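Written below as structure tokens is the structure these notes are about.
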Amino acid sequence: MSKTLYVSDMDGTLLNSSSVLSPFTISLLNELIVNYGALFTVATARTPATVVNLMKDVKASLPFIVMAGEALWNNGKACYESARILDESVVSQLLAVFHDFDIHPFVYRKHDNHIMVYHHPALTAAEHAFVDPRVTTPLKQLTLNNNLHGEEQEDVMLIFAMGTFKRLRLLSDEITSRGIPCFYNCYHDIFNEELGFLDIYKENTTKAAAVKHLTRQLQVDRVVAFGDNLNDLPMMREADLSVAVSNAFEEVKQQADLVIGCNDTDAVPRWIAQDMGLDVNQLLRK
């Protein structure tokens, strides 16, 4: 049999509409990983601060691809295996663009194996709703002040902003027009298309690049990638087989090799079990 690496996006794909793993998904993933040797990991725009908590009941042994491929998190050792850092001169140029558009970004700085998040003291209601459940963790701390430059030796891993999609699209176009060397994703919220997110990383940072790194490291023969959003497409194109959930954006479904059930039907682990030639109903009777 070929040695397959299964890589799943989290929000809107592996996580259900309540943004958690269902008990069924947890149980089936553990059965596949522990008893059948499935090589499974996640690739997400989230930081380890929330991924670790969401995945705490899954017996995953592979590194998590976090921050859209910016870093690999070794959960067993509770540390970063690798991280890509934005140059401070690039950060200064990016912050100048945000200033011109009167948009306050979140600046994520690495402090050992923790993340310090810096933001202007004013938070919108949407920012509060997004941030509040994500910063109550030992691995991430939010600091609200006018100094986004942090402490010495705190490297910038990510600049993140949220707001109306149209305005963030204009801002990201300005980054391109100024020739600022970085990689960004500007995308819609999966539940509200008027709301947008902007992630900015070091050049050539993608989930796809991180998946290629893991593929070489694990010496696998085949990669299957699951996703729902536009920022999953590079990873899905890199995979030998791309699988979209039925709640994915239409463009994602059109480019995927297969479309399976929605994220509320435990579709990802069910499909993996079938791909491994296993009967889900028999597994659950054990």
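Fair warning: this is a prediction, and the values are worked out from it, not measured in the lab. Just so you know, these numbers use all the heavy atoms, side chains as well, and skip hydrogens, waters and symmetry mates.
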*Dump the intermediate steps for side-chain hydrogen bond (donor to acceptor under 3.5 Å, both in side chains) on Asp264 and Ser17, then the final yes or no.*
CA-CA 6 Å; Asp264 283 319; Ser17 295; 2.5 Å; yes
_Does Leu158 form a side-chain contact (heavy atoms from CB on, under 4.5 Å) with Asp199? I'd like the steps, not just the answer._
CA-CA 7 Å; Leu158 161 69; Asp199 304 329; 4.0 Å; yes
_Please evaluate residues Thr215 and Val223 with respect to the criterion side-chain contact (heavy atoms from CB on, under 4.5 Å), reporting the C-alpha separation (whole Å), side-chain torsions for both, the decisive distance (0.1 Å), and the verdict._
CA-CA 8 Å; Thr215 299; Val223 176; 3.4 Å; yes
_Checking Phe183 against Tyr201 for the ring-ring contact (aromatic ring centres under 6.0 Å, His included) test, could you report, in this order, the C-alpha distance in whole Å, the side-chain angles of both residues, the deciding distance, and whether it holds?_
CA-CA 5 Å; Phe183 177 82; Tyr201 302 96; 7.1 Å; no
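Heavy atoms only, all atoms of each residue included: Val34 and Lys59 are closest at CG2-CD, 3.6 Å. Heavy-atom minimum distance, Asn247 versus Cys262: OD1-CA, 3.3 Å. Annotation for His104 and His119: closest pair O-NE2, 3.2 Å, computed over non-hydrogen atoms. Residues Thr176 and Tyr184 share a closest heavy-atom pair of OG1-OH, 2.6 Å. For Leu86 against Cys182, the heavy-atom pair with the smallest separation is CD2-CB, 4.4 Å. Taking each heavy atom of Thr25 and Pro269 in turn, the nearest pair found is OG1-CG, 3.7 Å.
Between the Lys207 side chain and the Ala43 main chain, a donor and an acceptor come within less than 3.5 Å of each other.
Between the side chains of Tyr118 and Glu154, at least one donor N or O sits under 3.5 Å from an acceptor N or O. If you check the side chains of Thr143 and Asn145, you find no donor sitting under 3.5 Å from an acceptor. Side chain to side chain, Gln255 and Arg237 meet the donor-acceptor criterion of an N or O pair below 3.5 Å. Between the side chains of Arg167 and Thr164, no donor-acceptor pair of N or O atoms lies under 3.5 Å.
A 4.5 Å side-chain heavy-atom check between Val156 and Ile85 finds every atom pair outside the cut-off. Using a 4.5 Å cut-off on side-chain heavy atoms (C-beta onward), His188 and Phe197 make no contact. Under the 4.5 Å side-chain criterion, counting only non-hydrogen atoms from C-beta, Ser8 is in contact with Phe40. Looking at Thr47 and Lys140, their side chains come closer than 4.5 Å, going by heavy atoms from C-beta outward. Inter-residue side-chain proximity for Leu144 and Leu123 is flagged as met; some heavy-atom pair is nearer than 4.5 Å. Contact annotation: the side chain of Leu198 approaches that of Phe98 to within less than 4.5 Å [non-hydrogen atoms, C-beta and beyond]. Contact of the Tyr187 side chain with the Asn229 side chain is registered, since non-hydrogen atoms from C-beta on lie closer than 4.5 Å. Counting only heavy atoms from C-beta outward, the side chains of Val117 and Val107 never approach each other to under 4.5 Å.
Rounding to the nearest 0.5 Å gives a distance of 9.0 Å between CG of Leu171 and CG of Asp100. How far CG of Leu14 is from OH of Tyr6: 14.5 Å, rounded to the nearest 0.5 Å. The line from CG of Leu233 to CD of Glu238 is 13.0 Å long, rounded to the nearest 0.5 Å. Separation of atoms CG (Asp266) and CD1 (Ile26) is listed at 10.0 Å; rounding is to 0.5 Å.
Counting heavy-atom neighbours within 6.0 Å of Lys212 NZ, excluding the residue itself, gives a total of 12 or less. Other residues, nucleotides and ligands contribute over 12 non-hydrogen atoms within 6.0 Å of the NZ atom of Lys56.
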